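The structure displayed is predicted, hence computed values, not measured ones.
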Amino acid sequence: MRVFSSLMHRHHHPANFFAFGAFLDFTPDIPDRAEQILATLTAEGHEIVAATNRGREAIAEVHSPDYLDYLRTAWGAYNEARDEMGMTDLGTSREVYPLIFPVRGMDHGYPSSIVGRAGFHSSDMWMPLGAESWKAIEASANLAVDAADAVVGGDRAAYALCRPSGHHASFERGGGNCYLNNAAIAAEFLRTHVARVALVDIDVHHGNGTQDLFYDRDDVLFVSLHCDPNECYPYFAGYTHERGTRRGTGFNVNLPLPLMSGDEPYLEAVDAAVPRIGAFTPDVLVVSLGVDGHRDDPSRALALGTACFSRVGERLAELGVPTVLIQEGGYNLDTIGECVSAVLAGFEA
């Protein structure tokens with residue numbers, strides 16, 4: 001299987017992580033995540049393909065112009081405002097973080113202030129922007145298009161080593177270490193070539209951004225297996241009653257699992273998802289491939305074993321559909337490479 005990769009991801013390296021009311025001097029989304037996956041897949045003999053410079057055409061089909069402008073320019077505008085307000089010497093961060101969010105009842109305008117825009121375009125405190133983050137964000141999205149294009153060109157399957165991840169990003173908002181929705185961008189690109197695309201999300205967290213983007217459509221089936229949002233991020237989406245709206249009713253399928261459920265319940269959910277995907281008769285399958293459900297991942301949510309990921313790959317391959325695999329979460333450097341490898345090996349078995 002061809003592996004599409006870019007060293008541009010190194011431009012995004014947040015210095016802090018906000019958790020339980022404090023900025024911690026580390027972040028789970030470090031460049032070594034992608035480096036470890038790449039090293040593992042290289043050692044196993046996968047063909048590594050360098051990224052193509054595709055620009056923003058495919059990205060602009062999924063995300064709003066205001067949001068793209070924000071991601072591209074926010075760091076400079078934020079630090080200019082920070083200096084003008086005399087905040088530079090107060091220990092404030094040079095990375096962009098929101099101050100206020102457009103919560104229910106207070107969402108009637110789009111502010112010109114960068115402070116207001118930061119809140120408008122963020123769903124949480126987990127999407128910091130550094131000086132060169134945009135380079136990594138744009139490159140990550142275009143890797144997904146590269147992989148999708150390879151499948152259009154005849155590959156049975158292709159894998160995009162995207163970082164940062166994307167499935168929590170919606171039309172004009174990011175969060176959860178996600179900025180552009182790589183999998184949705186791949187799916188939208190594929191729709192210019194085929195009639196029906198199925199998108200299955202196996203990340204431990206619900207792909208709320210992906211759900212939002214396709215919620216009223218019947219040409220893209222979205223199926224998500226994830227930890228129950230009653231107990232896990234993103235908390236406010238991912239419930240079974242969310243089935244789509246208008247012509248998209250019935251084309252959104254959520255399969256939440258109990259916290260720390262383990263391999264057997266997860267594979268039962270996979271066995272439920274595969275026939276639903278098959279009944280949709282997709283021309284292409286897109287997989288949001290998160291491996292943060294592993295028992296040793298710091299997410300500590302589903303307690304899956306490495307062999308479980310291999311079985312997931314096998315079951316998805318049984319659909320017999322050309323497949324684009326897009327990297328999402330996974331934060332344990334000791335397991336991320338082998339878990340991704342297990343999915344790919346299972347798929348190719």
So which atom in [X] and which in [Y] form the shortest heavy-atom distance, rounded to 0.1 Å?
X: V284; Y: L190; result: CG1-CD1, 3.6 Å
X: L255; Y: A273; result: CD1-CB, 3.8 Å
X: V96; Y: Y70; result: CG1-OH, 3.5 Å
X: A317; Y: R156; result: CB-NH2, 3.6 Å
X: R33; Y: G330; result: NE-O, 2.6 Å
X: T306; Y: C339; result: OG1-SG, 4.3 Å

*asked:* Test side chain to side chain donor-acceptor pair (under 3.5 Å) on D297 and S299; report intermediate values, then the result.
replied: CA-CA 5 Å; D297 193 271; S299 297; 2.9 Å; yes
Only one of D155, V151, L285 passes side chain to side chain contact (heavy atoms under 4.5 Å, CB included) with P322, and that residue is V151
With a 4.0 Å cut-off, would you call [X] and [Y] a salt bridge?
X: E61; Y: R56; answer: no
X: E35; Y: R10; answer: yes
X: D216; Y: R246; answer: yes
X: D218; Y: R247; answer: yes
X: R311; Y: E318; answer: yes
X: D69; Y: R117; answer: yes

query = Should the heavy atoms of other residues, nucleotides or ligands under 6.0 Å from CG of N53 be counted, would the total exceed 12?
reply = no
Crowded around I100 CD1? As in, over 12 foreign heavy atoms under 6.0 Å? no
When you check the side-chain N and O atoms of T40 and E338, is any donor under 3.5 Å from an acceptor?
no
Tell me yes or no: between the side chains of T210 and N181, is some donor less than 3.5 Å from an acceptor?
-> yes
Less than 4.5 Å apart, side chain to side chain, heavy atoms only: is that true for [X] and [Y]?
X: M127; Y: C178; value: no
X: V220; Y: R191; value: yes
X: P164; Y: H9; value: no
X: V3; Y: V49; value: no
X: D203; Y: D292; value: yes
X: D201; Y: F222; value: yes
X: E172; Y: D66; value: no
X: L316; Y: V287; value: yes

Could you measure the distance from the [atom1] atom of [X] to the [atom2] atom of [Y]? Nearest 0.5 Å is fine.
X: L325; Y: L289; atom1: CG; atom2: CG; value: 5.5 Å
X: H206; Y: S288; atom1: NE2; atom2: OG; value: 10.5 Å
X: H63; Y: L213; atom1: NE2; atom2: CG; value: 6.5 Å
X: D296; Y: N332; atom1: CG; atom2: CG; value: 6.0 Å
X: I59; Y: N142; atom1: CD1; atom2: CG; value: 4.5 Å
X: R54; Y: L143; atom1: CZ; atom2: CG; value: 10.0 Å

When Q211, H226, H241 are each screened for side-chain hydrogen bond (donor to acceptor under 3.5 Å, both in side chains) with N254, the one that passes is Q211
Under 3.5 Å: donor-acceptor pair, side chain of [X], backbone of [Y]:
X: R276; Y: V253; result: no
X: H12; Y: I137; result: no
X: R173; Y: F120; result: yes
X: D283; Y: A195; result: yes
X: E328; Y: G166; result: yes
X: S261; Y: L259; result: no
X: S341; Y: G337; result: no

(Q) ring pair (Phe, Tyr, Trp, His ring centres under 6.0 Å), that's the test. Do Y97 and F18 meet it? Break it down for me. (A) CA-CA 10 Å; Y97 283 94; F18 186 80; 7.6 Å; no
Exactly one candidate in F101, Y78, Y110 meets ring-ring contact (aromatic ring centres under 6.0 Å, His included) with H121; the answer is Y110
Between H168 and the options Y179, Y233, W126, the ring-ring contact (aromatic ring centres under 6.0 Å, His included) test singles out Y233
Residues pairing under disulfide (SG to SG under 2.5 Å) where one sits in residues 180-234, two or more places apart or in two chains, turn out to be C227-C232
Please verify the inter-ring angle class for F189 with H193; under 30° counts as parallel, over 60° as perpendicular, anything in between as tilted. tilted
- Query: On the ring face of Y159, is R2 found with NZ or CZ under 6.0 Å from the centre and within 45° of the axis?
  - Reply: no
